[in-house]
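Inspection log for the structure reproduced underneath, given as structure tokens.
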Amino acid sequence: MPYFDAASAAPLHPVARQALLAALDEGWADPARLYREGRRARLLLDAAREASAEAVGCRPDELAFTPSGTRALHDGIAGALAGRRRAGRHLVVSAVEHSAVLHSGDALEAEGGSVTRVPVDRSGRVDPAGYAAALRPDTALAALQSANHEVGTEQPVAEVAGACREAGVPLLVDAAQSLGWGPVAPGWSLLTASAHKWGGPAGVGLLAVRKGVRFAARGPVDERESGRAPGFPDLPAVVAAAASLRAVRAEAAEEAARLRALVDRIRARVPELVPDVEIVGDPVRRLPHLVTFSCLYVDGETLLHALDREGFSVSSGSSCTSSTLEPSHVLRAMGVLSEGNVRVSLPRGASSEDVEAFLGVLPGVVASVRERLGAPSDAAPTAGGTAEDLVLDSLGKRCPIPVIELAKVIGDVPVGGVVTVLSDDEAARLDIPAWCEMRGQEYVGERAAERGVAYRVRRRA
């Protein structure tokens with residue numbers, strides 16, 4: 001069964017499996033103890049730290065192992081903010097950071113601090129000048145991912161790091177998605193990563209803090225991991241994480257070129273095979289193994305279940321695949337179509353045959369979902385009715401129904417006429433403008449309504 005969700009969790013690398021099994025026999029003792037078994041465990045821990053630090057590009061004594069990448073982000077942000085509390089309580093992040101970063105920002109605001117969320121363009125990339133403009137004299141920390149976890153867009157880390165250096169602000173880089181593919185651009189002050197993203201075991205995160213960066217660990221600490229990750233380490237998992245990181249980095253150049261060619265095929269073929277599709281993310285500056293696209297008139301959850309029945313495991317940022325009923329904050333920040341969103345992230349070893357099989361079943365699956373939802377055909381709108389304005393009540397209806405209903409009635413007004421869509425679905429704020437752009441109509445704007453929001457669309461075609 002083709003597994004195409006490596007961005008969530010990559011399959012365990014064979015080297016990680018071998019190292020894990022070996023370390024279960026050799027690394028079970030407390031590495032802080034001085035007897036024989038403890039010394040053996042300490043040697044394994046030191047070797048794992050040296051290997052990981054080499055991949056990260058830092059000194060071994062600058063790197064700590066944490067229970068997860070999320071924990072590394074939370075602790076890294078909290079520690080840096082606490083260490084620089086005299087500078088101020090202002091945090092700068094991009095609008096498309098991992099939710100762990102955004103949640104840390106929310107916590108800072110709840111405590112009286114402030115957060116600037118730098119917007120991104122439609123490809124999901126921050127403008128370095130815009131990021132630099134967000135830095136203030138009271139900025140204690142800036143955070144920027146190396147590459148986005150949902151759309152694969154690589155961020156201008158080097159340029160932002162330069163701006164932060166000039167402003168005297170430390171930069172934390174979330175390298176969870178990119179570290180397995182290569183080193184992060186220089187200039188960062190703190191870096192985090194997560195082993196299960198590169199084929200290591202779950203439950204191991206990395207937190208690197210450069211010497212000279214003011215850092216004050218929050219909460220009770222002990223002598224382990226420089227006081228940044230208290231408690232007994234999962235040594236076998238740490239050893240496996242370090243071994244697999246070294247292994248995947250040795251394979252990275254060749255495998256990246258191979259997977260990039262497969263992703264290029266998906267990017268080119270999906271719009272040819274499936275009508276009304278938007279490919280999301282930067283087409284060039286992106287991770288080699290990841291592609292995201294959104295299908296108009298499609299329920300994302302239904303689409304994912306249908307692909308799963310066909311044997312393909314993919315993920316989605318559509319609102320109808322989450323418990324929040326809101327589209328992904330990444331898609332929302334980018335202002336792109338959210339309905340029918342599919343993220344394909346190929347694991348190492350993914351075959352051309354698997355990709356061709358996916359492209360073979362996708363058109364039929366999308367067509368089936370659209371037919372089930374009553375999506376309109378590709379026929380052009382009629383000449384139009386006599387009413388200049390039309391109000392469409394889509395309150396209480398979730399994606400993609402409001403857009404489907406809009407497409408069905410746009411022909412009921414003449415060219416120049418306006419359809420007002422009443423909707424209380426947050427996804428409509430993205431999907432209605434995106435539909436207008438894809439179908440050649442004019443999005444006039446939104447206004448508050450007695451219930452929900454009124455979205456106004458003028459017929460242009």
Side-chain angles (χ1 to χ4, degrees), residues 3 5-13 15-17 19-20 45 48-49 51-58 62-80 93-94 96-104 143-155 157 171-184 188 190-209 225 228-229 231 233-249 251-252 287-290 315 328 330 343 345-348:
Y3 175 77
D5 194 22
S8 291
L12 193 66
H13 194 283
V15 169
R17 184 181 299 276
L20 181 64
L45 180 60
R49 196 184 313 279
S52 300
E54 181 182 3
V56 168
C58 67
E62 293 175 330
L63 186 141
F65 295 106
T66 66
S68 68
T70 296
R71 187 76 262 167
L73 283 170
H74 286 168
D75 290 349
I77 292 172
V93 302
S94 85
V96 294
E97 294 300 310
H98 189 276
S99 59
V101 174
L102 301 184
H103 291 161
S104 291
L144 182 67
Q145 58 194 193
S146 55
N148 186 258
H149 50 292
E150 289 196 26
V151 301
T153 297
E154 293 179 338
Q155 299 293 354
V157 171
L171 175 66
L172 181 150
V173 173
D174 172 10
Q177 289 295 335
S178 73
L179 191 62
W181 297 108
V184 176
W188 51 267
L190 301 95
L191 182 143
T192 64
S194 185
H196 72 279
K197 303 294 186 180
W198 66 68
V204 179
L206 304 182
L207 171 60
V209 182
E225 297 302 306
R228 294 170 187 159
D234 186 349
L235 184 54
V238 165
V239 170
S244 58
L245 180 56
R246 172 175 285 180
V248 298
R249 287 286 284 273
E251 308 161 350
L287 293 170
H289 69 305
L290 192 154
S315 63
S328 145
V330 173
R343 181 185 69 180
S345 49
L346 304 177
R348 287 171 172 79

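Reckoned from all heavy atoms, side chains included, excluding hydrogens, waters and symmetry mates. From a predicted model like this one, the values you see are computed outputs, not experimental measurements.
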*asked:* Can a donor-acceptor pair be found, under 3.5 Å and without considering hydrogens, that links the side chain of Arg249 to the backbone of Leu179?
replied: yes

*Short side-chain to backbone donor-acceptor contact, Gln177 and Ser146, under 3.5 Å*: no

*Can you tell me if Arg228 uses its side chain to pair, donor with acceptor, with the backbone of Leu207 under 3.5 Å?*
no

*Any Leu144 side-chain heavy atom under 4.5 Å of Leu171 side chain*: yes

_Atom pair OG (Ser345) and NE2 (His289), whose distance is rounded to the nearest 0.5 Å_ = 5.5 Å

*Would you say Arg246 has more than 12 foreign heavy atoms packed within less than 6.0 Å of its CZ?*
no

*Can you see which heavy atom on Gly200 is nearest to which on Ser244, and at what distance?*
CA-OG, 3.4 Å

_Closest approach of Leu245 to Ala55 (non-hydrogen atoms, all atoms of both residues)_ = CD2-CB, 3.5 Å

*Gap between atom NE2 of His149 and atom CG of Leu287 - 0.5 Å precision*: 11.5 Å

*asked:* Tell me whether Gln145 contacts the main-chain N or O of Gln155 through its side chain, where contact means a donor paired with an acceptor under 3.5 Å.
replied: no

*Check: Asp174 side chain, His98 main-chain N or O, donor-acceptor pair, under 3.5 Å*: no

*Any chance you could measure Thr66, atom OG1, to Asp234, atom CG, to the nearest 0.5 Å?*
11.5 Å

*asked:* How close do Leu102 and Val93 get, counting heavy atoms only, and between which atoms?
replied: CD2-CG2, 4.1 Å

*Is there a donor-acceptor contact under 3.5 Å from the side chain of His196 to the main chain of Ala241?*
no

*asked:* When you measure from the side chain of Arg343 to the backbone of Leu290, do you find a donor-acceptor pair of N or O atoms at a distance under 3.5 Å?
replied: no

*Find out whether Val15 and Val248 are in side-chain contact, i.e. whether some heavy atom of one side chain is under 4.5 Å from a heavy atom of the other.*
no

*Answer whether the closest heavy-atom distance between the side chains of Val184 and Ser178 falls below 4.5 Å.*
yes

*asked:* Looking at every heavy atom in both Trp188 and Gly57, which two are closest together, and how far apart are they?
replied: CZ2-O, 4.2 Å

*asked:* Can you confirm whether Leu63 sits close enough to Leu206 that some side-chain heavy atom of one is under 4.5 Å from a side-chain heavy atom of the other?
replied: yes

*Shortest non-hydrogen contact from Ala252 to Gly180?*
CB-O, 3.8 Å

*Donor-acceptor contact below 3.5 Å, side chain Arg348 vs main chain His13*: no

*Can you name the nearest heavy-atom pair linking Leu190 to Gly76, along with the distance?*
CD2-O, 3.9 Å

*asked:* Keeping Lys197 on the side-chain end and Ala9 on the backbone end, is there a donor-acceptor pair under 3.5 Å?
replied: no

